[in-house]
Structures are given as C-alpha cells and as structure tokens.
Amino acid sequence: MTSLSRIVTDLAAEQAALDAVVAALAPDAWMSETDSPRWRVFEQIAHLTYFDRAAAIAITDPDTFAGMAEELRARFPLGPEAIDDLSLAPHRSMSPAELLTAWRDARRMLAEASATLADGDRVPWYGPPMSARSFLTARLMEVWAHGADVAKAVGATRESTDRVKHIVTLGVLTQGWSYANRGMRPPQAGVQVELTAPSGQRWAFGPDDASDSITGAAEDFCLVVTQRAHVDDTGLTVHGAAAREWMLLAQCFAGPASDGPAPATS
C-alpha cells in the first residue's frame, strides 16, 4: 500500500510540474482556451486554487468547511456555471501573476495541513468523508487532469512519470462510483486492467480470469477516467461489453455525473 507521505510528496511534485508550465507563460497565454468548456488556462488555475484551499480548510477546520460545502452543493442542481460563479469568483479580478501567487499560497496551506494527517484519518469533502490517502490522491488527480488541459492549450510538454499510478489506482477503485453516480448498477462481470507505466513497468488490476479487459498505456487510462479523452481517441485496447461501458462512463472525480469528450475520430 502506498504510504501517506509518498502521496504528499508526489502531490507536491505534480503541482510543481504544472507551476513550471504556467509560470513561463506570457499574460496573454493565460487567456488561451482549453478543452474544458468555458475555461481558459486562467480558470483552470483558479479552480485548483479554490479547491486546494478548500482541501486545506477541510483538514484543519471541518466546521468552516461544512458551510463551504453546503453552499457549493446547493448550486449543483443549477449547473456548472453556478458552481463556477462561486468557486472562481474570488479570483476573476486577479492578474495572472496574482493568481499564481494565490495558487502557491493555497498549495502551501494544503501541504502544511496534509502534514498533520495520519493513516486512518478521514477528511470531509463534497460527498462522503474520504480516507486521507484517497483525499490526497484526489488532489493529485485533479492537478494532473487540469494540467493536461493546460499543457494541451499552450503546446507545452509535461514529463511522463510513474506518479500517474495514483490516478490509475483511483480510476480502478471508482469503477463502482462511476455507475452509482448515475443511478446505475455496475455489471457483475469483472474487468482486468493491465497497463504500461511511463517507466515501462506493468501494472495489473482485477481478476486474472476476467473475460473483459483493458490494456494499454497508463496515461491513456488516466485521460479516460479523468474525462480528458474519449477511449476511442487513445491507444487503449478494450475487450468486452462491460469494459467498454465502464470506459464510456468512467468518472474518477466527485461531483454530479458528467460525460467526457465525444470521440474526435470516427
């Protein structure tokens, strides 16, 4: 099992990798549109800033966070624009330099709060409370996913690292959630997942005798479960109806059910 301290270290490294991309951008490049509807690079970083700060508060001041969570959850039925109006509003008047400073401050708050967590701790969030490991893994997943949007928008290249194993594991563990979040029952058929890490290592999950399977690059799997790419636009090989359905519904993050991008290829 991955140690809590390793997740904290890898989260900081993933944040630093995206910081290096946006810190080098000219102010006008922060206004580049990304694949996420309504969001430029600026909004991607504003989103991370809000939720990194919220995560720190959830750890250190659960009562205050409870009020923040209730306010945000009340906007879920109103649609994504209403959520943006709350979470992005504190940052919309900032310059890119001011926003970068705010994000670094939020990350520092989260790092300091994370250092107080121990195995067995649970942290409140917008759904059920999460284990400390799952909570911090979710933060790493978010910065990786939004970093993918940013890098694509500005033509930057991020180093591929085995830190994506945290996201792969989260993606596998949230298979049931992807169905439950839509009011659906997951199939009884097991799915074997066998992926190749950036380092070349083989990562395997699920029953060896499963008739359904997903194979390919770990980063492609991460792009699908974070809804950054349609499975048909990746190099993943998907065998079986249950595996295919999962990859079309996959959502490894909290919040209302959402659909990933439509396939770009026919």
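In the hydrophobic clustering of ILVMFWY residues, with side-chain heavy atoms under 4.5 Å counting as a link, F76 and M68 come out together. Residues W39 and L223 do not share a hydrophobic cluster, defined by chaining ILVMFWY side chains whose heavy atoms lie under 4.5 Å apart. Note on L88 and M94: separate hydrophobic clusters, where clusters join Ile, Leu, Val, Met, Phe, Trp and Tyr whose side-chain heavy atoms are under 4.5 Å apart, directly or indirectly. Criterion: ILVMFWY side-chain heavy atoms under 4.5 Å apart, direct or through other members. Under it, I45 and M31 are part of a common hydrophobic cluster. Cluster membership for V231 and W177, using ILVMFWY side-chain heavy atoms within less than 4.5 angstrom, is not shared.
Atom OG1 of T215 and atom CD of E194 lie 7.0 Å apart (nearest 0.5 Å). How far CG of L140 is from NZ of K165: 14.0 Å, rounded to the nearest 0.5 Å. The distance from atom CD of Q175 to atom SG of C252, rounded to the nearest 0.5 Å, is 13.0 Å. Atom CD1 of I59 and atom CZ of F65 lie 10.0 Å apart (nearest 0.5 Å). Rounding to the nearest 0.5 Å places OG of S5 at 11.0 Å from CG of L136.
Using a 4.5 Å heavy-atom cutoff, the side chains of V154 and L25 are in contact. A 4.5 Å side-chain heavy-atom check between R38 and E43 finds every atom pair outside the cut-off. Side-chain contact between L48 and L18: present, with at least one pair of heavy atoms (C-beta onward) separated by less than 4.5 Å.
The pair D212-R244 fails the salt-bridge criterion, with no side-chain N (NZ, NE, NH1 or NH2) lying under 4.0 Å from an Asp/Glu carboxylate O.
When every heavy atom of G190 is checked against every heavy atom of P207, the shortest pair comes out as CA-CG, 4.2 Å. Nearest approach of W246 to G171, heavy atoms of both residues: CZ2-O, 3.5 Å. The two residues M247 and F221 come nearest to each other via the heavy atoms CE-CE1, 3.7 Å. Minimum interatomic distance between P198 and T161 (heavy atoms only, all atoms of both residues): CG-O, 3.3 Å.
The closest donor-acceptor contact from the side chain of S178 to the backbone of T174 lies under 3.5 Å. Checking side-chain atoms of Q44 against main-chain N and O of G147 turns up no donor-acceptor pair under 3.5 Å.
Of the residues listed (T49, D52, D19), the one engaging R107 in a side-chain hydrogen bond (donor to acceptor under 3.5 Å, both in side chains) is D19, and it is the only one. Results of the salt bridge (Lys or Arg N to Asp or Glu O under 4.0 Å) test with R228 over D233, D149, D220 single out D149 as the only residue that passes. Of the options H166, Q15, R163, a side-chain hydrogen bond (donor to acceptor under 3.5 Å, both in side chains) to D10 is made by H166 and by none of the others.
Remark: D35 pairs with K152 by the salt bridge (Lys or Arg N to Asp or Glu O under 4.0 Å) rule, at least two apart or across chains. For the salt bridge (Lys or Arg N to Asp or Glu O under 4.0 Å) test, no residue two or more places apart in sequence or in another chain qualifies with E159. Remark: A257 pairs with N181, R182, Q251 by the side-chain contact (heavy atoms from CB on, under 4.5 Å) rule, at least two apart or across chains.
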Item to check | Step-by-step side chain to side chain contact (heavy atoms under 4.5 Å, CB included) determination, V143 to W103 | outcome: CA-CA 11 Å; V143 70; W103 183 40; 4.0 Å; yes
Item to check | Intermediate values then yes/no, salt bridge (charged side-chain N to carboxylate O under 4.0 Å, His left out), D105 and R53 | outcome: CA-CA 8 Å; D105 287 344; R53 180 176 178 274; over 6 Å; no
Next on the checklist: Does F253 form a side chain to side chain contact (heavy atoms under 4.5 Å, CB included) with M141? I'd like the steps, not just the answer.
Outcome noted: CA-CA 8 Å; F253 48 88; M141 174 275 297; 3.6 Å; yes
Checklist entry - E70 and R73: side chain to side chain contact (heavy atoms under 4.5 Å, CB included), yes or no, with the steps? => result CA-CA 5 Å; E70 184 60 32; R73 281 194 294 261; 3.5 Å; yes
Next on the checklist: Is there a side chain to side chain contact (heavy atoms under 4.5 Å, CB included) between V225 and V168? Walk through the geometry before answering.
Outcome noted: CA-CA 8 Å; V225 299; V168 168; over 6 Å; no
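More than 12 heavy atoms of other shown residues, nucleotides or ligands fall within 6.0 angstrom of atom CZ in R92.
A tilted orientation is assigned to the rings of H146 and H47, their planes being inclined by 30° to 60°.
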